[in-house]
Amino acid sequence: DQQVKQNSPSLSVQEGRISILNCDYTNSMFDYFLWYKKYPAEGPTFLISISSIKDKNEDGRFTVFLNKSAKHLSLHIVPSQPGDSAVYFCAASAAGNQFYFGTGTSLTVIP
Amino acid sequence: AAGVIQSPRHLIKEKRETATLKCYPIPRHDTVYWYQQGPGQDPQFLISFYEKMQSDKGSIPDRFSAQQFSDYHSELNMSSLELGDSALYFCASSLYVVTGELFFGEGSRLTVL
């Protein structure tokens, strides 16, 4: 059973606009959430994280929002750039144990 | 900065053969995770090690085994290979005491013919 879900397999956004990637989870014990970015033929690279004690974390153009009551998190990229085109995975863990990944959303930023 | 090193990057095997993948974590990282990513799928957790002991187990088949050695590198051994084992195998490392991100290697692509 998928504990972390990304319901949008793909997303296309115009350069300069905002990209919003969504992620839902089912396990209320998850207390740490991360976003990874993956280019073809490379391993995922860490992008940004958020602990369950926060509802927002911002790092440059990337902001992650956490809504614990809805068991939902989102990644906002603004402004989007062509180099942001990649597959984005959200991941969650409980007390630093195994990390559960979503199925990924392929973002295409159109110049 | 040193990253997670995986070898080999590509491996082709026949059905029923055995394969071994190696992972060298970032220096001073004490935790290693193995993930399997099939075509069009998300990374599936296989197994993890903390301080050379198995710390967690996921959807790892009985035909697979893994261990972490005294130098913290890890090896994933896969026997009686099946066509469905064809996938990208990622190793990731982290510092267990710090709930932080996983640092992934570039992956080892296994093709079973």
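Note that the coordinates shown come from a computational prediction; the quantities given were computed from them, not determined experimentally. Each chain gets a letter, A, B and so on, in the order the sequences are listed, and its residues count up from 1.
Using a 4.5 Å cut-off between heavy atoms, Gln37(B) contacts chain A through its side chain alone, with no backbone atom that close. Of the two parts of Arg9(B), only the side chain, counted from C-beta on, holds a non-hydrogen atom closer than 4.5 Å to a non-hydrogen atom of chain A. Both the backbone and the side chain of Thr103(A) come within less than 4.5 Å of a heavy atom in chain B. Residue Tyr35(B) touches chain A through its side chain alone, counting heavy-atom pairs closer than 4.5 Å.
In this structure, Tyr33(B) has its ring center under 6.0 Å from that of Phe99(A).
If you chain together hydrophobic residues whose side chains sit under 4.5 Å apart, Ile20(A) and Phe65(A) never meet in one group. Taking hydrophobic clusters as Ile, Leu, Val, Met, Phe, Trp and Tyr residues chained together by side-chain heavy-atom distances below 4.5 Å, Tyr24(B) does not share a cluster with Leu21(B). There is a path of hydrophobic side-chain contacts, each under 4.5 Å, that joins Leu110(B) to Ile47(B). Cluster membership for Tyr88(A) and Phe33(A), using ILVMFWY side-chain heavy atoms within less than 4.5 angstrom, is shared.
With respect to chain B, the highest number of heavy-atom pairs below 4.5 Å among Gly102(A), Ser51(A), Gly104(A) belongs to Gly102(A).
The environment of Asp62(B) atom CG is sparse: at most 12 non-hydrogen atoms of other residues, nucleotides or ligands sit within 6.0 angstrom. The number of heavy-atom neighbours closer than 6.0 Å to CZ of Arg61(A), taken from other residues, nucleotides and ligands shown, is above 12. Atom NZ of Lys22(B) has 12 or fewer heavy atoms from other residues, nucleotides or ligands within 6.0 Å.
Side-chain atoms of Tyr36(A) never come within 3.5 Å of backbone atoms of Phe104(B) as a donor-acceptor pair (strictly under, hydrogens ignored).
Annotation: side chain of Phe101(A) is not in contact with side chain of Gln41(B) (no heavy-atom distance under 4.5 Å).
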Residue pair Gln44(B), Tyr100(A): steps toward the side chain to side chain contact (heavy atoms under 4.5 Å, CB included) verdict: CA-CA 8 Å; Gln44(B) 293 291 321; Tyr100(A) 296 85; over 6 Å; no

